[in-house]
Amino acid sequence: MERADGPSVPGIRGGRAADRTGPARDTGVDLNTHPTHPDPTEAPVTGWWTEAVIYQIYPRSFADANGDGIGDLPGITARLDHLVELGVDAVWLSPFYPSPQADAGYDVADYRGVDPLFGTLADADKLITEARSRGLRVIVDLVPNHTSSAHRWFTAALAAGPGSPERDRYVFRDGKGADGDQPPNDWQSVFGGPAWTRVTGADGRPGQWYLHLFDPGQPDLNWDNPEVRAEFLDVLRFWLDRGVDGFRVDVAHGLIKQADLADWQEPQEILSGREVDKPRPPMWDQDGVHEIYRDWRALLDSYPGERILVAEAWVEPAERLARYVRPDEMHQAFNFEYLLASWTAPAQYAVITRSLEATDGVGAPTTWVLSNHDVVRHASRLGLPVGTPRPHGIGIGDEQPDAALGLRRARAASLLMLALPGSAYLYQGEELGLPEHTTMPDEARQDPTWERSGHTLRGRDGCRVPIPWEADAPSYGFGPTDASWLPQPPVWAEFALDRQRGVPGSTYELYRTALRLRREHGLGRGTLAWLATGDEVLSFRNDGLTVLTNFGGVPVPAPAGEVVAASAPLTDDGRVPTDVTVWVRSA
Ligand code: NOJ
Ligand code: CA
């Protein structure tokens, strides 16, 4: 395979367009040509997942078959052809299990069933079969850090009382203070407020406290208990036997807590957020989690086919995250450092390079992600001033993103991402350029974050709104009725799939083109070599394509060759304007 380094590389330095004005003169670009990601023929890992584009379905908000305003499994099955036409390789389904829905299904009451809201187990089987018959792989969500408080184990723990084996499956402790009326430590919940709730004893008097890093309806499990470990191995088997291709593992960095449950004076963030040499929060990224994933990996490897584990681990720096994807652990980990990186050339260069180096260091592929059901959609996030800290939702009265700028940058960011080697995750609706709902009435909000933070954090409802399929249909085609569990903003009509399908230049057609070319050129398993890493322009070569993103204030020359994809039109004289990515095919 051709190596994309050395003087023979055609790129922006030597091409016709470059000669015209000279990118180095125009932009101050440092035209270093150097490989970052090794020739993949030297990499030990292969498999569908190493280069897959995986589409996240948030079942509540994808498609509603029965018209009750909540998306469901039959709705997904009926829309699978959309995903085939889009060109993705796999879907990841957020939880659809029986649940009181205290955290939109991330509070699981039964790991082996389907909530009637979403359908039946037979509907799940049908969805898996129909998807796989179309060549789409299926990944389901596994939530091992906590159960729902409605899980039979938690009910049994409450009934059994202090010191019982039933309570030992969770993290129960006596309170501090004379009457035990103070929580056992100072930990805060990720959703706001204390991470402990006191229960009532059998005698009707206040009793012990239990730990919940999230909502009180999500008690944390005790992963030092062998019964807990055995149960989850069995849950994995249950879904593996039904034919799923893998699991996205929720809060994978949280299962093991520091044994002494020491106080942690700092504010709670789901991010481990530490430099290598600084103490990590006692609830995140403890070394003990890795043993669990080794057991799971051994189980998955005993099944035919390539079944995968994907870590949702908000772990920094990249070297710590890479530990989750060592050869005998998980296959992938979400790259949240990439998602959180600023929209500047140096920040993007740094995070891409660091990510590739960290995962190359353990022989794993890198992943890329810009949006999911927990963060402000990137079409809106990138419309906020560069450098704005990660917003925890946007609502009425908050600074509103510049919608046009956000969409322009989102398209450029997505086209940049889809050219990178590794696996990429898409979140439903981003292929339509959907913005966040940033003016949702607060009364409509359902994310527990809004209440638990004392109305200081808006939460995640704005990225979870049911998506638009047909501009002129009720609920924009989300379902057969007007019903929608969160209100859809009027501006979404113009983003509906039927307004974009077949329309040159639409965001939907841009994604389709990018996914087709990515596949044709094998970009996911390609070799990345930087061509330009300046303050304003990033450019790299991945096999036969040269990719350039202009973050600067003035148009820059396009790389030499045939422009095969552009996130927005080039200037009349063929230059790449501000906030635009191009893919150029060159010899
Ligand atoms: C991460 C999930 O993505 C999020 O939606 C959920 O609230 C927490 N984990 C708790 O399960
Ligand atoms: Ca429904």
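Ligands are counted one by one from 1 in listed order, and the atoms in each one are counted from 1 as well. Position 1 is the first residue of the sequence; numbering continues from there.
- Between Gln258 and the choices Pro282, Pro281, Pro279, the side chain to side chain contact (heavy atoms under 4.5 Å, CB included) rule is met once, by Pro282.
- At least one donor-acceptor pair under 3.5 Å links the side chain of Gln428 to the backbone N or O of Tyr58.
- Closer than 4.0 angstrom to ligand 1 by heavy atom are Asp103, Tyr106, His146, Phe191, Phe214, Gln218, Arg248, Asp250, Val251, Glu312, His373, Asp374, Arg460, Arg464, sorted by chain and number.
- A ring-centre distance under 6.0 Å is not found for Tyr425 and Tyr55.
- In summary, Glu85 and Arg501 engage in a salt bridge, as defined by a charged side-chain N under 4.0 Å from a carboxylate O.
- In this structure, Asp374 does not pair ionically with Arg390, as no charged nitrogen and carboxylate oxygen lie closer than 4.0 Å.
- Within the 4.5 Å cutoff, the side chain of Val140 has heavy atoms near those of the Tyr97 side chain.
- The salt bridge (charged side-chain N to carboxylate O under 4.0 Å, His left out) test applied to Arg381 returns no partner, not counting sequence neighbours.
- Remark: side-chain polar atoms of His253 are not paired, donor with acceptor, to backbone N or O of Val315 under 3.5 angstrom.
- In this view, Glu312 and Arg248 satisfy the salt bridge (charged side-chain N to carboxylate O under 4.0 Å, His left out) rule, not counting sequence neighbours.
- Counting only protein atoms, the N, O or S atoms lying less than 3.0 Å from the Ca ion (ligand 2) are Asp64 OD1, Asn66 OD1, Asp68 OD1, Ile70 O, Asp72 OD2, ordered by chain and residue number.
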